[in-house]
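Worksheet: one structure, shown below.
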Amino acid sequence: MANIIILGSQWGDEGKGKIVDLFSDRFDIVARYQGGHNAGHTVFIGLKKFILKLIPSGILRPGKKAVIGNGLVLDPAALLDEIDTLEAAGVDVTHNLAISNRAHVLFPQHRMMERMSEGRPGRISIGTTSRGIGPCYEDKIARRGIRVADLLDRDAFRAQYDSLMEEKHAIARTFGIDEEDDAHAIRDQYETMAERIRPMVCDTAMLLNSAIREGKRVLFEGAQGTMLDIDHGTYPFVTSSSASAGGACTGTGVAPTRIGGVVGVSKAYITRVGGGPFPTEAGDPEGEQIRRRGSEFGAVTGRPRRCGWFDAPLLRYTAAINGFDSLVVTKLDVLDEFDSIPVCVGYRAGGKELTEMPPRVACMENVEPVYERLPGWKTSTFGMSSYDELPARAKDYLAFLEARVGVEVGSVSTGPERTQTIVRAGSRLEALLG
Ligand code: GDP
Ligand code: IMO
Ligand code: MG
């Protein structure tokens with residue numbers, strides 16, 4: 001039985017949390033491999049709403065193990081806050097969560113560095129989630145980061161912390177930033193938080209590999225989306241981690257030979273939060289109509305999401321980067337009221353057809369999307385759970401996406417709840433789920 005990766009095929013917020021929660025009942029372990037509390041994965045179970053940020057969505061299934069892999073950046077305060085919220089709602093986190101001893105620790109000073117760089121005149125503002133994610137990954141790559149294992153060794157931690165913070169404050173002073181910052185108090189808080197985290201920390205790469213050897217199944221949960229990937233996304237308007245399928249291996253220590261399938265999650269349209277190019281962004285009133293019907297507001301920051309039409313060239317690109325076996329198309333119901341629905345089938349620039357995703361933002365900003373308009377179905381699909389029930393035009397729409405992307409649509413989501421989902425009989429996805 002395959003271990004699979006489920007990840008975002010657009011700019012995030014595709015509905016990964018709902019899908020991971022739904023499919024996690026077929027797996028023993030759900031592992032996050034990158035990102036931090038910039039993620040916001042919303043899961044509805046009946047009337048209860050959960051927003052998972054650092055903790056894998058699989059935690060909501062009693063008895064399943066959830067893993068925070070080495071590829072994440074971990075803000076202990078955000079983690080403990082999330083644990084407390086979930087436990088108050090009756091979810092047992094402490095007995096089911098394993099945290100990598102190699103994950104990097106995020107400090108308030110990382111947020112300070114982010115405020116400095118995002119606010120600096122003349123610098124391109126990325127429109128980040130302001131969680132300090134980028135600066136924490138910067139420290140990791142610069143080989144001066146502090147990892148969870150370091151945090152748990154008090155003497156080593158003090159020395160590393162003091163040296164790292166001395167650097168941060170020197171940089172802040174250079175930029176004339178006068179941030180009141182009590183570095184010692186923060187260090188004490190981290191030492192206290194370390195003790196709460198300690199029982200959950202282990203070598204999660206070994207845990208995952210032993211479990212796989214014993215025949216247990218692992219579901220890898222992506223955060224953000226492929227177009228926000230540090231290498232393959234719309235750089236520099238990206239996040240600082242490997243959100244695409246390759247990140248699942250580096251971010252957990254599980255080899256590619258142990259992974260049997262990759263599933264992309266895509267909205268029936270597309271959204272983006274923050275700055276950066278967005279070829280199929282819809283103007284109002286249609287953009288506003290998608291936003292309203294899809295409640296497209298950020299789960300973490302509450303920012304209105306930019307809304308647009310399904311972009312088939314973008315999906316072909318992310319399908320290639322990730323090797324999608326199957327696509328889950330979410331939020332089909334959001335399109336129920338449109339008379340007709342544009343789908344981008346190609347890009348043109350300077351009068352020529354583009355056959356590749358432009359590597360530079362300046363080029364991508366000038367891309368002219370080529371649309372085909374499909375007739376809307378003008379009837380509610382909300383909550384439908386069988387493919388046969390879907391109106392003929394909705395089926396035609398899905399078949400069109402499938403043909404234009406070149407990957408099967410193995411599943412369709414018609415509402416936020418578990419039951420509001422279709423898995424197509426005979427699909428590759430059905431076989432992967434087992
Ligand atoms: P994630 O970050 O990829 O997990 O996605 P988010 O949770 O940030 O955003 C997706 C939003 O859409 C959440 O509020 C979900 O509850 C909701 N959602 C997921 N699937 C569907 C669907 O098929 N229809 C509707 N109407 N809402 C959905
Ligand atoms: P989930 O997992 C959508 C975006 C931010 C910004 C850029 C960089 O819920 O899909 P960062 O704080 O990561 O340095 O910001 O990435 N971004 C997301 N957009 N969904 C997310 O997560 C995102 N996480 C980061 O808006 O444009
Ligand atoms: Mg989200």
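Remember, it's 1-based here, ligands and their atoms both numbered in the order they're listed.
Within ligand 2, counting atoms from 1 as listed, the ones closer than 4.0 Å to a heavy atom of Gly274 are 27 (O). Atom numbering of ligand 2 starts at 1 in the shown order; those under 4.0 Å from a heavy atom of Arg303 are 5 (C), 26 (O). The ligand atoms of ligand 2 that sit less than 4.0 angstrom from a heavy atom of Ala223 are 2 (O). Here is the list of ligand 2 atoms found below 4.0 Å of a heavy atom in Leu228: 4 (C), 16 (O), 17 (N), 18 (C), 19 (N). Below 4.0 Å from some heavy atom of Lys16 lie the following atoms of ligand 2, by number and element: 1 (P), 2 (O), 10 (O).
Between the side chain of Glu296 and the backbone N or O of Cys307 there is no donor-acceptor pair closer than 3.5 Å. With hydrogens and angles disregarded, no donor-acceptor distance shorter than 3.5 Å links the side chain of Gln224 to the backbone of Asp229. Without hydrogens or angle criteria, Asn3 side chain to Val218 main chain gives a donor-acceptor distance under 3.5 Å. The backbone N or O of Ala205 lies less than 3.5 Å from no partner atom in the side chain of Arg102, so there is not a single donor-acceptor pair. Between the side chain of Asn101 and the backbone N or O of Val148 there is no donor-acceptor pair closer than 3.5 Å.
Of all the heavy atoms in Ser9 and Leu315, the pair that sits closest is OG-CD1, 3.6 Å. Nearest heavy atom pair, residue Ala98 against residue Leu207, reads CB-CD1, 4.0 Å.
Of all the heavy atoms of Arg272, none lies under 4.0 Å from any atom of ligand 2, so neither backbone nor side chain is involved. The part of Val238 lying near ligand 2 is the backbone, judged by heavy-atom distances below 4.0 Å. When non-hydrogen atoms are compared, ligand 2 lies under 4.0 Å from the backbone of Trp11 (N, CA, C, O) but not from its side chain.
Under the side-chain hydrogen bond (donor to acceptor under 3.5 Å, both in side chains) test applied with Glu221, the options His41, Lys16, Arg32, Gln34 reduce to a single match, His41.
The residue among Thr239, Thr271, Thr128 with a heavy atom at the shortest distance from atom 13 (O) of ligand 2 is Thr239. Closest heavy-atom approach to atom 20 (N) of ligand 2 among the candidates Leu7, Asp13, Thr129, Val273: Asp13. Considering only non-hydrogen atoms, atom 6 (C) of ligand 2 lies nearest to Gly127 out of Gly15, Gly35, Gly127.
With ring centers used as reference points, Tyr161 lies under 6.0 Å from Phe107.
Electrostatic pairing of Asp13 and Lys331 does not count as a salt bridge here, judged by no charged N lying under 4.0 Å from a carboxylate O. At a threshold of 4.0 Å, the pair Asp81-Lys53 does not count as salt-bridged, since none of the basic side-chain nitrogens sits closer than that to a carboxylate oxygen.
Qualifying salt bridge (charged side-chain N to carboxylate O under 4.0 Å, His left out) partners for Lys216, counting only residues two or more places apart in sequence or in other chains: Glu214.
Using 4.0 Å as the threshold, Gln224 has a heavy atom nearer than that to some atom of ligand 2. Close to ligand 2: Gly40, with a non-hydrogen atom less than 4.0 angstrom away.
Around the Mg ion (ligand 3), protein N, O or S atoms at less than 2.8 Å number 2.
With hydrogens and angles left out, the side-chain atoms of Arg131 and Thr129 include no donor and acceptor closer than 3.5 Å.
The CH2 atom of Trp377 lies 11.5 Å from the CD atom of Glu337; values are rounded to the nearest 0.5 Å.
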Determine, step by step, whether Arg291 and Glu288 satisfy the salt bridge (charged side-chain N to carboxylate O under 4.0 Å, His left out) criterion, reporting the C-alpha distance in whole Å, the side-chain angles of both residues, the deciding distance to 0.1 Å, and the verdict.
CA-CA 5 Å; Arg291 191 172 306 110; Glu288 181 51 34; 2.6 Å; yes

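Closer than 4.0 angstrom to ligand 1 lie heavy atoms from Asp13, Glu14, Gly15, Lys16, Gly17, Lys18, Gly40, His41, Thr42, Phe44, Arg305, Lys331, Asp333, Ser413, Thr414, Gly415, Pro416.
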With a 3.5 Å cut-off and sequence neighbours excluded, list the donor-acceptor pairs that the side chains of residues 404-416 form with protein atoms.
residue	atom	partner	partner atom	Å
Arg404	NH2	Glu372	OE2	3.0
Glu408	OE1	Arg428	N	2.9
Glu408	OE2	Ser326	OG	2.5
Glu408	OE2	Arg428	N	3.2
Glu408	OE2	Leu429	N	3.0
Ser411	OG	Ile422	O	2.8
Ser413	OG	Lys18	NZ	2.9
Ser413	OG	Gly415	O	3.3
Thr414	OG1	Gly383	N	3.4
Thr414	OG1	Met384	N	3.0
Thr414	OG1	Met384	O	2.7
Thr414	OG1	Gln420	O	3.2

